[in-house]
Amino acid sequence: GAGVSQSPSNKVTEKGKDVELRCDPISGHTALYWYRQSLGQGLEFLIYFQGNSAPDKSGLPSDRFSAERTGGSVSTLTIQRTQQEDSAVYLCASRPPVNTEAFFGQGTRLTVV
Amino acid sequence: QKEVEQDPGPLSVPEGAIVSLNCTYSNSAFQYFMWYRQYSRKGPELLMYTYSSGNKEDGRFTAQVDKSSKYISLFIRDSQPSDSATYLCAMSAVNFNKFYFGSGTKLNVKP
């Protein structure tokens with residue numbers, strides 16, 4: 001596709017359920033980032049994948065959060081036992097190997113009720 | 001103290017005005033500086049990026065970086081109602097392992 005694709009665009013889940021958020025980066029982009037944006041806040045870094053290197057997980061807020069990237073392409077962010085404070089927009093971005101610019105998807109709006 | 005500080009606004013200007021948006025930062029390792037525009041309920045869209053200090057112009061937009069002051073700016077000339085959005089500054093060190101974002105400035109350009 002032409003841009004970074006995220007699915008679902010909206011997700012409402014009950015507290016305590018697990019959710020999976022998907023990101024399809026731009027073809028050929030080796031770097032992939034997950035960020036979280038809470039209402040009226042800036043972007044909070046979660047995790048960074050670069051090629052086959054070990055991911056930088058330093059931004060994951062708790063062990064309920066995990067992410068993987070299969071085949072250097074599609075990434076899935078999993079939140080286990082969701083809490084109301086997990087409600088936010090989860091944004092994925094990808095970056096090509098040479099350039100500096102990161103391109104964002106439209107985000108997944110997660111609401112935990 | 002946050003690594004990147006940005007005035008949240010909101011900033012309201014009449015159509016045609018020159019808009020100045022700014023960010024300050026504390027980490028001298030930052031070398032790459034970006035501005036993103038985010039419309040309501042959309043993902044951030046890259047507007048401009050610059051490397052190190054200096055100016056960069058693209059149409060009505062000019063980005064300035066002053067590394068000695070740890071201060072970056074985005075100027076919008078002849079602002080249009082379609083420029084109404086939240087503007088996020090972002091920066092990174094050379095390893096690009098993460099981008100550090102400001103909290104965003106909400107801009108409203110009134111017709």
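Because the structure is predicted, anything quoted here is derived from the model rather than measured. Every chain is numbered from 1 and lettered A, B, ... according to where its sequence line falls, protein lines coming before strand lines.
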**Message:** Please classify the contact of B:Gln38 with chain A as side chain, backbone, both or neither, using a heavy-atom distance under 4.5 Å.
**Reply:** side chain
**Asked** Does one side chain, of A:Gln50 or A:Tyr48, offer a donor that lies under 3.5 Å from an acceptor on the other?
**Response** yes
**Prompt:** chain B heavy atoms under 4.5 Å from A:Ser58: which part of the residue, side chain, backbone, both or neither?
**Reply:** side chain
**Request:** Answer with side chain, backbone, both or neither: which region of A:Phe49 has an atom nearer than 4.5 Å to a non-hydrogen atom of chain B?
**Result:** neither
**Item:** Engaged part of A:Leu91 at the chain B interface, taking heavy atoms whose separation is under 4.5 Å
**Value:** side chain
**Item:** Check ion pair B:Arg77-B:Glu57 (N to O, under 4.0 angstrom)
**Value:** yes
**Request:** Examine distances only and state if a side-chain atom of A:Gln37 and a backbone atom of A:Leu43 form a donor-acceptor pair shorter than 3.5 Å.
**Result:** no
**Item:** chain A contact via B:Phe99 - which portion, at a heavy-atom distance below 4.5 Å
**Value:** both
**Complete:** Max heavy-atom pairs within cutoff under 4.5 Å with chain A, candidates B:Pro8, B:Ser103, B:Pro44, goes to B:Pro44
**Prompt:** Does NZ belonging to B:Lys42 count more than 12 external heavy atoms closer than 6.0 Å?
**Reply:** no
**Message:** Taking the cut-offs as 6.0 angstrom to the six-membered ring centre and 45 degrees off its axis, would you call B:Lys56 and B:Tyr49 a cation-pi pair?
**Reply:** yes
**Request:** Examine whether an atom of B:Tyr36 lies under 4.5 Å from a heavy atom of chain A, and if so say whether it belongs to the side chain, the backbone or both; otherwise answer neither.
**Result:** side chain
**Message:** Please verify the inter-ring angle class for B:Phe30 with B:Tyr25; under 30° counts as parallel, over 60° as perpendicular, anything in between as tilted.
**Reply:** tilted
